[in-house]
Amino acid sequence: MSLAFENQGWRKYEVIWRENSALGKPTNGSSVYGNDYTNWSPDYAIDGIVQKNDTQLFHSAFEQFPWIRIDLLEIAPISFIRVYNRNGLGHRFHDVAVEVSNNSDYVQRGFYQGPAASGEVVDIMCDSHTVARYVRLRIRKGSNNCLNIPELEIYTH
């Protein structure tokens with residue numbers, strides 16, 4: 001059986017990506033839950049280990065607009081961000097903006113409304129021509145929020 005896709009009226013979009021540029025890069029967060037870096041450090045979000053227990057993942061404190069920032073160490077074209085959501089309490093990942101910068105002025109280039117399901121893998125597409133050194137994920141709505149991110153990947157080309 002062959003399928004013809006001629007004159008279907010839809011366009012083909014191709015996502016160009018080559019590597020996870022976040023792996024092992026410097027990172028920081030707006031806060032760390034209980035100031036306990038042994039269990040909740042932002043570094044766990046970019047260590048390459050996707051599935052973890054209930055600790056050794058990034059967990060911010062409860063605050064209005066928690067964030068995590070990754071320094072790619074060079075300016076790079078960004079295709080998308082992949083976030084592996086925590087098992088249990090997945091609903092905490094909601095209203096997340098992808099903000100980028102080459103200095104201290106951030107611009108939103110992607111958004112995920114959510115809420116996500118527990119254990120869900122969320123891909124957040126960036127606007128075309130997103131080029132940046134710093135990438136920040138930040139919850140933009142609510143008042144008693146926290147980020148729980150076992151792993152995140154930033155795909156560049």
Shortest non-hydrogen contact from Val96 toward Ile139: CG2-CG1, 4.0 Å

Minimal non-hydrogen separation, Phe58 against Gly29, with atom names: CZ-CA, 4.2 Å

Side-chain ion pair, Arg109 and Asp127, N-O less than 4.0 Å: yes

Which residues share a ring-ring contact (aromatic ring centres under 6.0 Å, His included) with Tyr112, sequence neighbours left out: Phe93

Sequence-distant partners of His91, side-chain hydrogen bond (donor to acceptor under 3.5 Å, both in side chains), two or more places apart: none

Side-chain donor/acceptor of Gln56 to backbone N/O of Tyr44, under 3.5 Å: no

Verdict with supporting geometry, Ile78 and Leu72, side chain to side chain contact (heavy atoms under 4.5 Å, CB included): CA-CA 10 Å; Ile78 300 166; Leu72 298 178; 4.1 Å; yes

Side-chain H-bond candidate by donor/acceptor type, Glu63 with Ser30, under 3.5 Å: yes

Flag, side chain of Asn145 to backbone of Gln64, donor-acceptor distance under 3.5 Å: yes

Residues Tyr155 and Glu153: side-chain donor-acceptor under 3.5 angstrom: yes

Residues Tyr106, Ser101; criterion side chain to side chain contact (heavy atoms under 4.5 Å, CB included); working and verdict: CA-CA 5 Å; Tyr106 282 86; Ser101 176; 3.6 Å; yes

For Ala61 against Ser31, the heavy-atom pair lying closest together: N-OG, 2.9 Å

Residue list, side-chain hydrogen bond (donor to acceptor under 3.5 Å, both in side chains) with Thr27, at least two apart or on another chain: none

Asp95/Phe111 under side chain to side chain contact (heavy atoms under 4.5 Å, CB included): CA gap, chis, key distance, verdict: CA-CA 7 Å; Asp95 300 299; Phe111 186 78; 3.8 Å; yes

Polar side-chain atom of Thr156 near backbone of Ala76 as donor-acceptor pair, under 3.5 Å: no

Lys/Arg N to Asp/Glu carboxylate O, Arg138 vs Glu99, below 4.0 Å: yes

Salt bridge (Lys or Arg N to Asp or Glu O under 4.0 Å) evaluation trace for Asp123 with Arg82: CA-CA 4 Å; Asp123 286 344; Arg82 177 168 288 155; 2.8 Å; yes

Exercise: do His59 and Asn39 side chains pair donor with acceptor under 3.5 Å: no

Asn20 (side chain) donor-acceptor with Ile154 (main chain) under 3.5 angstrom: yes

Donor + acceptor pair across side chains of Arg133, Asn102 (<3.5 Å): no

